[in-house]
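Notes to accompany the following structure.
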2 protein chains.
Amino acid sequence: MNREDPGFEANHNHDHCMESALSTAKDLCRERKQRLTPIRELVLKLIWENHQPMGAYELLPALAAAGFNSAPPTIYRALEFLQEQGLVHRIASLNAFIGCPHPESPHRSGFLICSGCQRAVELDTAPVHRALSESASELGFKIAHETVEVVGLCADCQSQPGETADA
Amino acid sequence: MNREDPGFEANHNHDHCMESALSTAKDLCRERKQRLTPIRELVLKLIWENHQPMGAYELLPALAAAGFNSAPPTIYRALEFLQEQGLVHRIASLNAFIGCPHPESPHRSGFLICSGCQRAVELDTAPVHRALSESASELGFKIAHETVEVVGLCADCQSQPGETADA
DNA sequence: AATCGCCATGTTATACTATAACAAACCGAA
DNA sequence: TTCGGTTTGTTATAGTATAACATGGCGATT
Ligand SMILES: [Zn+2]
Ligand SMILES: [Zn+2]
Ligand SMILES: [Zn+2]
Ligand SMILES: [Zn+2]
């Protein structure tokens, strides 16, 4: 546990990062008496391998290649399970799914999404949540769920020529 | 201009609210030399009439009823125009569109969405933006666009029996 | 070990959301 | 009036997600 979130750093140890996420997932599912079946584990692995938001249909070919059925319900069921366990999050503005770097406890999620390199990192949403809570409570609104997805350019991509900060 | 944003108040003057939005839209388009054609105006009217986020395909029948072609491109083109002019916003987490209460100038948008009555109100996102900017700048991330969509229960719906704050 | 029931997966079909591509009509400026 | 760009019509298709029911595997209980 307590893995590092590599953020937008391109040169972190990908393999370690992924293995660590999978191992944490196994531990958590065992603790919770949930079944991390081969399909579910494979989907989680694929998401971490790519290390960027992945569309459901992008994942299907790899499922087929691994010998599983690859009709849409297969992948959506796996994604549903992984989301319920907090192992992946859905990014609504991209129709895509990404691994959660700290699935041990449920939490509000928010993302910075780089339009240059397509990577996304999970934000600490506490400050955003405080701001939202304040606005909401003025209206007597009771928050149940927050979607916070910010598109822009990461530090690396800002220094690449040709990248502009358009969404 | 300077219309009131009725927020979650159920008993505001709907007709006035809608007429005002349409009249503002006409003014803005004239100023900008953009053409608020009958289809575009009708789509905007339908969105304001319902006064809640509307899916593209929910709007199509009314287009057909008004004698227009009602194939999907018709509605998406109108919505694209209205978004470009800032007259409507898209809510990604709902795949839906809603009228903007202050389209005079471009702005970041954010929404509180009531899961009880399906209404949505546009937030003042300045405080949220400050919080996001701070988090982003720590990572050297340059923000281009923010999606902020908060689901919960409005004050009215909290007092209705049977409503819970689940998203 | 056998049984039972639940959960997971397979399979087919379909709903829902959005865009591509090209033709025809319209509209406004020169 | 003519021209050229914009808007709309039309057909087709891409992309995202779920319904519904059958089948199979796994694990708890006996
Ligand atoms: Zn997370
Ligand atoms: Zn980047
Ligand atoms: Zn707005
Ligand atoms: Zn409400």
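Convention: sequence-line order gives letters A, B, ...; per-chain numbering from 1. When reading the values below, keep in mind they use all heavy atoms of this one structure, side chains included, and skip hydrogens, waters and symmetry mates.
For the segment residues 38-47 of chain A, the set of residues with a heavy atom within less than 4.0 Å of an atom of DNA chain D is empty. Residues of residues 61-69 of chain B having a heavy atom closer than 4.0 Å to DNA chain C: none are found.
When atom types are taken as modelled, the side chain of A/R32 and the backbone of A/Q85 share a donor-acceptor pair closer than 3.5 angstrom. The backbone N or O of B/G152 lies less than 3.5 Å from a partner atom in the side chain of B/S115, making a donor-acceptor pair. Between the side chain of A/S133 and the backbone N or O of A/H129 there is at least one donor-acceptor pair closer than 3.5 Å.
The salt bridge (Lys or Arg N to Asp or Glu O under 4.0 Å) search around B/R119 returns B/D156, not counting sequence neighbours. For A/R77, the side chain to side chain contact (heavy atoms under 4.5 Å, CB included) partners two or more places apart in sequence, or in a different chain, are A/P73.
Contact annotation: the side chain of A/I98 never approaches that of A/V88 to less than 4.5 Å [non-hydrogen atoms, C-beta and beyond]. Side-chain contact between B/E104 and B/T24 is present, with at least one heavy-atom pair separated by less than 4.5 Å. Inter-residue side-chain proximity for A/H145 and B/V150 is flagged as unmet; no heavy-atom pair is nearer than 4.5 Å. Considering only heavy atoms from C-beta on, B/L63 comes within 4.5 Å of B/T74 through its side chain.
In this structure, A/I91 places its CD1 atom 14 Å from P of D/dT16, rounding to the nearest Å. The CG-P distance, from B/L36 to D/dT6, rounds to 18 Å in whole Å. Here D/dC26 presents its P atom at 19 Å from NZ of A/K33, a figure rounded to the nearest Å. Put simply, CG on A/L60 is 12 Å from C1' on D/dG15, counting in whole angstrom units. Note: CD (B/Q85) to C1' (D/dT7) measures 14 Å, nearest angstrom. Whole-Å rounding puts the A/I75 CD1 to D/dT18 C1' distance at 15 Å.
In this structure, B/H107 and B/H89 have perpendicular ring planes: the angle between them is above 60°, well past the 30° mark. Relative orientation of the A/Y57 and A/Y76 rings is perpendicular, given thresholds of 30° and 60° on the angle between their planes.
Checked by atom type, the side-chain pair A/H14/A/E49 shows no donor-acceptor distance below 3.5 Å.
Of all heavy-atom pairs spanning B/A92 and A/S93, the tightest one is CB-CA, 4.0 Å.
Where the helix from C/dA1-D/dT30 to C/dA30-D/dT1 starts and where it ends, the local axes point in directions that differ by 30°; five pairs per end, rounded to 10°.
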Strictly under 4.0 angstrom, non-hydrogen atoms only: write out the protein contact profile of nucleotides 17-30 of chain C, one letter per nucleotide from the 5' end, B, S or -.
BBBBBB----S---

